Amino acid sequence: MSKIAGNPVSAALAPDPGRWKALVFIALAQLMVVLDATIVNIALPSAQQDLGITDGNRQWVITAYALAFGGLLLFGGRIADLWGRKRTFIVGLAGFAAASALGGAATGETTMLGARALQGAFGALLAPAALSLLAVTFTDARERAKAFGIYGAIAGGGGAVGLILGGFLTEYLNWRWTFFVNIPFAVVAAAGAYLVVREPAGGRNRSPLDVPGVILSTLGLVALVYGFTRAESEGWGDAGTVGLFVGSAVLLLTFVLTEARVKSPLLPLRVLTDRNRGGVYLSLGLAVIAMFGLFLFLTYYLQIVKGYSPVRTGFAFLPMIAGMIVGSTQIGTRLMTRVPPRLLMAPGFLTAAVGMLLLTQLEIGTSYAGLILPAQLLLGLGMGTAFMPAMSLATLGVDPRDAGVASAMVNTSQQVGGAIGTALLNTIAASATTAYLADRAAGATTPAAQKLLQLQGMVEGYAAAIWWAVGILAVSAAIAFALITTGRPGSGVVAGSGADADDEVRIPVVAH
């Protein structure tokens, strides 16, 4: 009779009995972080008016968060490996709650911007700790598929939920509640994590902190994210924008060279050079470029062109959320243990591209039910199906000591992708709108005609940018299909075994 009882190796590999309870609190924390990325957007006009923030500085309410979050993610992932993921997770939650309370109570511009930067910094601790806890907690392939299906649905759909919640809180309560709402999320998640999360022994990386790596990566990522943010407002040819991109390239190249030579690197290059993980980071980052641009355009289209209220706009995104949940928890989870990941990711991104293609047909009088709803369903199904195996594969087989920094790379690809998507696609849309108006301005001689022309130009710009998003998703699908070569996960694959992602590590079965 074959069994593993009594085998000392099996004890370390035995699943945590409280793992499903732990998933609830890990997912709750992830939802809070993802919500915060979009919930403040809806509240920004009201907050700007109350706090007297100038038009020139209002972008910093979004940018301060993005810079701190994107710039400190690798450092946060390394801290999780050094301190322990559970401790980092709880500290991140506590700090995020305190920063949210500060933002909600802000009485001026300086306090608000400081609160947003602190939210980003603690989010950079929290996000990689959450994903790496999930990676080391769920080791059986089938259970891992279910857990990452739920996590993927939250990661993909949480931004749209933020639009709904932000609209509701702003319209019926006060913009300050878009900050205060984080506090109960954080308190419940931290208390639950303290009680039920159990981190496997032997997974810490106690090597000395790579201080040059921290400085170079943080400055390089901040320069990159800020470069794309500045490009949106100042233009791509602006000297400051070009300088930021050049500086970012130099800093990040120096970072890579440093990591290849130091004894205890912040980002071990083995995490990046694995073909499958590299394919996930790249394809996921590109897909997020397309998705973030879409959230922006659809929000403006529904509110400005169609005249929807903030709450109605939020609810208009529900089909996309439903599609993501179905794609992630039903399609992705059920097929993850049966087919290779690339046969989920590539078709998923292509399905999303078809949904995006429908949206290139947007016009002023477009029917929501006839075009926008089916497009959102396809987008949600495709992205949910692709996100789920991507999240799992990004940490599959990574050395336990590197789980935090590998998880941070997932978040980094998403954060940088979001910054690029917002700036790049918004610039493309603005250029197309300007060209459209210039060609037809002479024909609009009455106020009504001029207003109609403005709306038509706006929609024309959105359609032009969405065409680019279609192409980006197609490239993302091609990268996933070409680079991700790992086969169908076996039923006994153990995550965080220390093997490469191409190697399947199975629970040893001892015959007696």
Side-chain angles (χ1 to χ4, degrees), residues 152 155-157 159-160 228 275-298 301 319-320 323-324 326-328 331-332 335-336 339-362 366 371-391 393-394 410 412-429 431-432 459-486:
F228 279 104
R275 176 174 180 158
N276 293 290
R277 280 194 289 275
V280 166
Y281 299 146
L282 187 55
S283 62
L284 199 59
L286 286 170
V288 170
I289 289 176
M291 287 301 292
F292 264 66
L294 178 74
F295 281 146
L296 179 71
F297 298 141
L298 264 188
Y301 174 81
M320 189 185 300
M324 285 182 174
V326 171
S328 188
I331 301 173
L335 296 180
M336 180 66 181
V339 301
R342 68 175 179 170
L343 296 185
L344 287 174
M345 290 181 64
F349 288 137
L350 287 176
T351 301
V354 172
M356 199 76 81
L357 187 63
L358 290 179
L359 290 173
T360 61
Q361 307 306 307
L362 276 180
T366 293
L371 181 77
I372 298 173
L373 188 149
Q376 285 199 60
L377 285 173
L378 285 170
L379 277 161
L381 280 170
M383 296 301 282
T385 301
F387 265 57
M388 185 261 147
M391 291 290 183
L393 192 60
V410 179
T412 300
S413 66
Q414 290 179 295
Q415 187 66 26
V416 173
I420 294 172
T422 302
L424 176 64
L425 296 182
N426 204 37
T427 303
I428 291 168
S431 299
V459 174
E460 186 73 18
Y462 297 159
I466 291 171
W467 271 111
W468 279 77
V470 172
I472 291 169
L473 282 171
V475 171
S476 187
I479 289 171
F481 190 80
L483 291 185
I484 298 172
T485 56
T486 187

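Since the model is a prediction, treat every value here as computed from it, not as a measurement.
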Inset, instruction - Drop me the distance from Leu377's CG to Met324's CE, to the nearest 0.5 angstrom. - result: 11.5 Å
Inset, instruction - Mind checking ring pair (Phe, Tyr, Trp, His ring centres under 6.0 Å) for Tyr281 and listing every partner two or more places apart, or none if nothing turns up? - result: none
Legend entry - Contacts of type ring pair (Phe, Tyr, Trp, His ring centres under 6.0 Å), residue Tyr301, not counting sequence neighbours: none
Side chains of residues 343-362: which donor-acceptor pairs under 3.5 Å do they make with residues two or more places apart or in other chains?
| residue | atom | partner | partner atom | Å |
| --- | --- | --- | --- | --- |
| Thr351 | OG1 | Pro347 | O | 2.8 |
| Thr360 | OG1 | Leu357 | O | 2.5 |

Legend entry - Spacing of CG belonging to Leu282 relative to CD1 belonging to Ile484, to within rounding of 0.5 Å: 9.5 Å
Legend entry - Ser476 side chain vs Ser283 backbone, donor-acceptor pair below 3.5 Å: yes
Inset, instruction - Would you mind reporting whether Asn276 and Arg342 have side-chain heavy atoms less than 4.5 Å apart? - result: no
Legend entry - Point-to-point distance, once rounded to the nearest 0.5 Å, from CD of Gln376 to CG of Leu381: 11.5 Å
Inset, instruction - Examine distances only and state if a side-chain atom of Arg275 and a backbone atom of Leu483 form a donor-acceptor pair shorter than 3.5 Å. - result: yes
Legend entry - Ile428: side chain to side chain contact (heavy atoms under 4.5 Å, CB included) partners, not counting sequence neighbours: Leu424, Leu425, Ala465, Trp468
Legend entry - Where Ile479 and Gly279 come nearest, the two heavy atoms and their spacing: CG2-O, 4.1 Å
Legend entry - Partner residues of Ile289 under the side chain to side chain contact (heavy atoms under 4.5 Å, CB included) criterion, sequence neighbours left out: Leu286, Ile420, Ile472
